[in-house]
Amino acid sequence: MRLNQYQGQNQVQSPMTSAHIAQTMTLLYMTSTELLQTIDVELSKNPALELVNERRCPMCGRKLPPQGPCPICSQPKSLDPDETIVFVSPRDDFYNYSGSGKSYSDDMPEDPYSSTPLNLPTYVLRQVAPELEKDEREIAAMILTNLDDDGFLAIEVREICRFHHTTPSKVEAILKKIQRCDPLGVSARNIKEALLAQVEFLSESSIVPEFVRRAISEDFELLQKRHYSELAKKLGTSVQKIKLVSHYISENLNPFPARANWGTFRQPNDNTPDVFHQPDILIYYLDNKPGNPLIIEIITPSRGTLRLNPLFKKALKEQSEEKQEEWKKDLDKASLLIKCIQQRNNTMRQLMEKIVEVQKSFIIHGDVHLEPLTRAEVAENLDVHESTISRAVANKTIQLPNRKIIPMSTFFDRSLSVRAIMRNIIENENHAMNDTEIRKILEKQGIQVARRTVAKYRAMEGILPAHLRRIEKFATA
DNA sequence: CTATGGCACGGATT
DNA sequence: AATCCGTGCCATAG
C-alpha cells in the first residue's frame, strides 16, 4: 500500500495505520457541515476527546482571538494582485446561518458576508407580501418561519390549516406564490417540488429542454438513481436525451433552494442575502476590491480546539488492566480523529493552492477562461493518490468573488470553457450557423472538436439547432 | 442532399 | 470496476 500519499507539510508523526487512511478518506469526503456533525457525534460518545474554549490556527497553531481566522496566516504580505493567500479558517458560527440570519460581520467589517444581514423569511416575505391579502400574509409568515436549512417546508400543511382555520387549497395557493420568489422553489416540500417550481419559472423566459419537466414530475425516483435506460423507456425517448436532461438539471437547477446563489440561472444582486447554506470554501478579493490579492478561505468547523482530555489520560493510569485496554481504544480513536482533521485541512489547502494557481483567470474572468485540469494532474503534482483528490473535490462547494456558489468539480470541467466560447459565437452570429460552421470557427480559435461534439454542447446549453434558430432569431423575410 | 440526432465504442476519469 | 465523455458511423427528417 502506498503510504506516502498523505505526506505533506505539517506531517503527523505517528505511523500510519489502515484506520488512519480509512478515516482520512472519509473526512476528506465530507463537507464542512458534515464534518461538524461528525465531530459533535465523536465528542458526545468519546470521553477521551475534549473541546477546550481556546481557538488555535489550524495551520500554524497560534492562539487566536475569539473571532475570525488567524490574522497572520490570512494576511497577504503586500497588495500585489498576483499574490494569493490560501488559508484554513476556523469558523465557529457558520452552522447557525440557516434561517436565523445571524451575521458574521459584527466584528469583521471586511467579511464577505457583511453586505445584507437579511434573513431568509424576511427576504422572501418582502417579495410576496404585495401579492397577498392581510390574512394570507400571516399564513405566509408561518410557512416561512418553518423552513429547514435547505429551504424546505418543515411543517405539514394540515397543521397550518388547523392553526389558521383555513383550507389546504388556500395554503397551497400561497405556497405556490412563495415558491416563485427569489430563492426559487423555497418552501417546497421536497426536492422534486423545488425543481418543478424552478422549471416552471425558467420555462417562461428561456427554453427548457424537453423531457426535463416530465422526468422530474413523473419519474423523479429513477432520475435520482440514475437509471437512465429505464427512464428513457418510460418516457419514450433515448438514453442520450435523458443524460442531457440530467446534465441540464444539475447545471441549471438547485435542489436546495436555500443554498443561495447555486448554479448559474440565479443572478444575485445587492439585496440578495448571500449565505443560507455555507459553502466549503470562499474566494474573494482582499477588502472585496477587485484588483486586490485573492483570498481563499477554506472553512473548517470549530468552536474551540479539539484535544485529548488530560483528565481522561490521568484517569486511565488508575484503571485496572482490562479497563485500561478499553480506555486506550477511546484514546487512540480520539487522537486519530484529531490527526485526520489536520490532514484534511492540509490536503484541502494544498489542493486549493494548486487550483488557484491554474484557474486564477477563471475565478476572476469567468467561464471562458477555465483551463483544462484533471484530478490526476493535481494528484501527481501534490504527490498524493488520485482518489484523495477525487474525495477532496466531491460534494464541496465554492463561493467565487462574484458571490456565485459553484460545485468544486467545475474546476475540472473539460468542456465548460469551450461551451462558453460556443455560446458567445452563437450569440453574436449574424446568420444561424449549423454545427459544421461552428466547428470551423472553434477550430480557428485553436479548439479542435468534432462536429458531433458541437451538437452535444448545444444540447447541453439548451440551444436550438440552426434551422430552428433561424426562425427564432432571424425573422424570415 | 444536408443537418441533426441516436447508438455504440474506446479511452479517460473517478 | 464503474462511469463519463468525445467521437465515428449510420439513420432519418427536412
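Below, chains carry the letters A, B, ... as their sequence lines are ordered, and counting in each starts from 1.
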With sequence neighbours excluded, tell me which residues meet salt bridge (charged side-chain N to carboxylate O under 4.0 Å, His left out) with Glu377(A).
none
List the residues meeting side-chain contact (heavy atoms from CB on, under 4.5 Å) with Asn190(A), not counting sequence neighbours, and say none if there are none.
Lys192(A), Glu193(A)
Nucleotide dA3(B), atom C1' - distance to CD1 of Ile471(A) in whole Å:
14 Å
Round to the nearest Å and state the distance from Arg458(A) atom CZ to dA3(B) atom P.
12 Å
In terms of heavy-atom contacts, does NZ of Lys360(A) have more than 12 from other residues, nucleotides or ligands at under 6.0 Å?
yes
Applying side-chain hydrogen bond (donor to acceptor under 3.5 Å, both in side chains), name anything that partners His247(A), two or more places apart in sequence or on another chain.
none
Using whole Å, what does the distance between atom C1' of nucleotide dC7(B) and atom NZ of Lys233(A) come to?
15 Å
Atom CG of Asp413(A) to atom P of dA12(B): distance rounded to whole Å?
18 Å
Would you classify Arg439(A) as touching base, sugar-phosphate or nothing, given that sugar-phosphate means primed atoms plus P, OP1 and OP2, and contacts are heavy atoms under 4.0 Å?
nothing
Rounded to whole angstroms, how far apart are CZ on Phe211(A) and C1' on dG6(B)?
13 Å
Determine the contact category for Ala394(A): base if any of its heavy atoms lies under 4.0 Å from a base atom, sugar-phosphate if only primed atoms, P, OP1 or OP2 are that close, otherwise nothing.
nothing
To the nearest Å, how far apart are Leu373(A) CG and dT13(B) C1'?
13 Å
For residues 440-460 of chain A, which residue pairs pass the side chain to side chain donor-acceptor pair (under 3.5 Å) check, not counting sequence neighbours?
Asp435(A)-Arg458(A)
Spell out protein contact along nucleotides 4-11 of chain C as letters: B when the base is contacted, S when just the sugar-phosphate is, - when no protein heavy atom is under 4.0 Å; keep the 5' to 3' order.
SSSBBB--
Could you list all the side chain to side chain donor-acceptor pair (under 3.5 Å) pairs where at least one residue sits in residues 408-417 of chain A, not counting sequence neighbours?
Asp413(A)-Ser415(A), Ser415(A)-Arg419(A)
Residues at least two apart in sequence or cross-chain that pass salt bridge (charged side-chain N to carboxylate O under 4.0 Å, His left out) with Lys234(A), listed by chain then number, are Asp219(A)
To the nearest Å, give me how far apart CG (Leu244(A)) and C1' (dC7(B)) are.
13 Å
For His369(A), check side-chain contact (heavy atoms from CB on, under 4.5 Å) against everything at least two apart and list the hits.
Ser361(A), His365(A)
Whole Å only: how far is the CD atom of Glu437(A) from the C1' atom of dT4(B)?
14 Å
When you measure from every atom of DNA chain C, which of residues 423-436 of chain A have a heavy atom less than 4.0 Å away?
none
Heavy-atom neighbours of Tyr29(A) OH exceed 12 at 6.0 Å:
no
The residue, Thr237(A) or Phe412(A), whose nearest nucleotide of DNA chain B is more 5′ is Thr237(A)
